[in-house]
Participant: 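This structure is in structure tokens; I'll ask about it shortly.
Chain letters run A, B, ... following the sequence lines, proteins first and then strands; every chain starts at 1.
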Amino acid sequence: MVTGIATANMDSAPILAIAGQVPTHLIGNDAFQEVDMIGITIPITKHSFQANDANEIPGMIKSGFEIARTGRPGPVVIDLPKDIQEQELDKYHSHQLDLPGYKPTLKGHPLQIKKAAESILNAKKPVILSGGGVIISNASSELKELSNLIKAPVTTTLLGKGSFPEDEPASMGMLGMHGRKVANITVDECDCLIAVGCRFSDRTTGNLEEFANNAQIIHIDVDPAEIGKNVDVHVPIVGDAKTVLQQLLSIIKKQSLPNNKKWFNEVYEFKKSCIPRTSFEEDIPLKPQQVIKEISHVVDADTILTTDVGQNQMWMAHFFKSQKPRKFISSGGLGTMGFGFPAAMGAKVALPESDVVAVCGDGGFLMVSQDLATVKEYDIPVVICVLDNRYLGMVAQWQKLFFDKRMSHTYLGEVPDFVKLAEAFGVRAERVEKPGDTQEALQNAIKSGEPTLLDIIIDPDEILPMVPPGCGLTEIIGEYKVEREHPREITYKNTVKKPVEGE
Amino acid sequence: MNERSHIISALVEHKPGVLQRVAGLFTRRGFNIDTITVGETEKKKLARMTIIAKGDDKVLEQITKQLNKLIDVIKVRDLEMENTVKRELCLIKVHTPLEKIRSEVIQYAGIFRGRIIDVSPETLTVEITGDPEKIDALIDLLRNFGIKEVARTGPTAMSRGIKTI
Ligand SMILES: Cc1ncc(C[n+]2csc(CCOP(=O)(O)OP(=O)(O)O)c2C)c(N)n1
Ligand SMILES: [Mg+2]
């Protein structure tokens, strides 16, 4: 449970976790199966409660939900000793507890809003960086309006994917270590960066000394502690993304707008020149890009996609275009392997009408493969696409690029046979090996209405474009394969052909 | 890096576990707490924590913001050194087997407005309150006689004048 709580804490997911505790009279005795749950989770929760009397529980649950969902959302733990679980309430009352220390600031300070508006109106090369906060506060339409008004291209963080439709001309896709070239380079060039609901993680910014050095930075976030934490900003605004954007828009709309059309077109032309290549129609083993292209052809804007962690996740983040908020679900801050499959189950249970597809690595899927029993027993018809490269691919990539190709403990071996594994649980399964087959198999899987696993055999040597840790965002290494060129053979710096354990 | 001493005053809910939450924020960021005092306030349900810590301004700003985020923390202020009164209480047990030493210790305590609060054939215990520097000075003086034990509370502090937190 702790890993899940930490994951939610990093990605501002509202969850209320109820933990069982030993009976009150045994607490502190190292009783059988006693764990100091509150102590362990203090650094990774927004708040926690331990009930000492059953009559406290309703208030804790009410307040727990309130705290988890408002302001910057996050996990709340309620620890319930066994005797309290069994105690009968005298009387049910669900008053919220008095929380004098909890008052999230939602409205931006008018003075700061004015300053931000000035910066924005003076900018010649504005860029918007949209984070998960935009999705949480349902601020996508305001964000889009701002982008339209001032002709600002939009890039997102990983958690911000879907906050701005990625098929829009203004969209530059994701920023960061595995970001799109157009995004990384344009952020470096912009003169005004409007960052909304993001926390400037090192995976997003690269080397901070080199981050957006030509820009006035406006940072809007509901969490005051995020402002100025990693990046020094010129205009900090504490508040809810939607409220603040509305405040900003109401000022900007009254002013004469700058003509940034030239900037916008420049970026758009540049973007077209470096659309990452996804067509690899003839390659066997399959290129992950091709697989993602085929997935994109099958799903629609309302399909919920979850990813695991590793190359599979970054490939999805880089190549897959998300069109709507809350349709791209990934573990960002903690990078929790094993996230994709259970997250898909959760999404499907919450929204049974939606198609849900999990894109997982073979390593990450193996961490949670027992949930094949869950999807079967509870009939949760999600599709799991296992990108089967037989490697802990992301770690292997680092070993190849930065650790002298010393491939250590990243080869997963010949086993298991994922199709047989799924079938052992009574789950529909199919192996995919050729271009074109992902599309068909996925279509059939969704149509079947049954939980299905697709074992998609991909090229273990494919390397993601990346900015090495500690480098500035423009220092992308490896060839950035561009769609229109269709090169046959691509060699990356420092890569080996077939990595072998112990080589 | 801009390292200096900070006095942080925090108004918190008087509940179990609050101290742990607060202290954890410092340790997690590699910040050493020099002293911490906790006690009741004018309002029954609230306690005041006074924390003295040395470190980088920027890190401390982050810690202050994180403290503010704790649900049990009502208010936090990084007090300005110059505009703050701070007082500490200290008990010093001095080895005083000889009459001559005894009277000297009593004299010194008097000069520092300390009081003798316990006497035994072998020892005198001095109570002193004041600025931490004043306490340091008395301890240094008494060291020559042989200090057996020192217990300090760590300073508690308040802004001068009408300002409150
Ligand atoms: C629980 C957990 N353990 C370890 C890691 C470190 N890690 C990050 S990516 C990765 C490899 C993932 O391999 P796989 O699931 O096969 O995905 P691929 O990168 O091959 O797509 C590892 C081990 C992690 N993020 N989470
Ligand atoms: Mg793998």
Participant: Among B/K75, B/K15, B/Q20, single out the residue with the greatest number of heavy-atom pairs under 4.5 Å to chain A.
Facilitator: B/Q20
Participant: Is atom CZ of B/R28 surrounded by more than 12 heavy atoms (other residues, nucleotides or ligands) closer than 6.0 Å?
Facilitator: yes
Participant: Is the CD atom of A/E209 crowded by more than 12 outside heavy atoms at less than 6.0 Å?
Facilitator: no
Participant: About how many Å separate CD of A/E66 and CD1 of B/I71, when rounded to the nearest 0.5 Å?
Facilitator: 9.5 Å
Participant: Does A/R69 CZ have over 12 foreign heavy atoms under 6.0 Å away?
Facilitator: no
Participant: By a 4.5 Å heavy-atom criterion (distance strictly below it), what part of B/R21 contacts chain A: side chain, backbone, both, or neither?
Facilitator: both
Participant: Can you tell me if NZ on B/K134 sees more than 12 non-hydrogen neighbours from other groups inside 6.0 Å?
Facilitator: yes
Participant: For B/K65, is the NZ atom crowded, meaning more than 12 foreign heavy atoms sit under 6.0 Å from it?
Facilitator: yes
Participant: Using a 6.0 Å cut-off, check whether atom CG of A/D30 has over 12 heavy atoms from anything other than its own residue.
Facilitator: no
Participant: Are there more than 12 heavy atoms of other residues, nucleotides or ligands under 6.0 Å from atom CZ of B/F145?
Facilitator: yes
Participant: Checking A/H47 against B/L70 for the side-chain contact (heavy atoms from CB on, under 4.5 Å) test, could you report, in this order, the C-alpha distance in whole Å, the side-chain angles of both residues, the deciding distance, and whether it holds?
Facilitator: CA-CA 7 Å; A/H47 196 52; B/L70 294 177; over 6 Å; no
Participant: Tell me the residues of residues 226-239 of chain A whose non-hydrogen atoms fall below 4.5 Å from those of chain B, in number order.
Facilitator: A/I227, A/G228, A/K229, A/D232
Participant: Does any N or O in the side chain of B/Q66 come within less than 3.5 Å of the main-chain N or O of A/A225, such that one atom is a donor and the other an acceptor?
Facilitator: no
Participant: Tell me if the NZ atom of B/K100 is crowded by more than 12 foreign heavy atoms within 6.0 Å.
Facilitator: no
Participant: How many angstroms lie between atom NZ of B/K45 and atom CG of A/D98, to the nearest 0.5 angstrom?
Facilitator: 5.5 Å
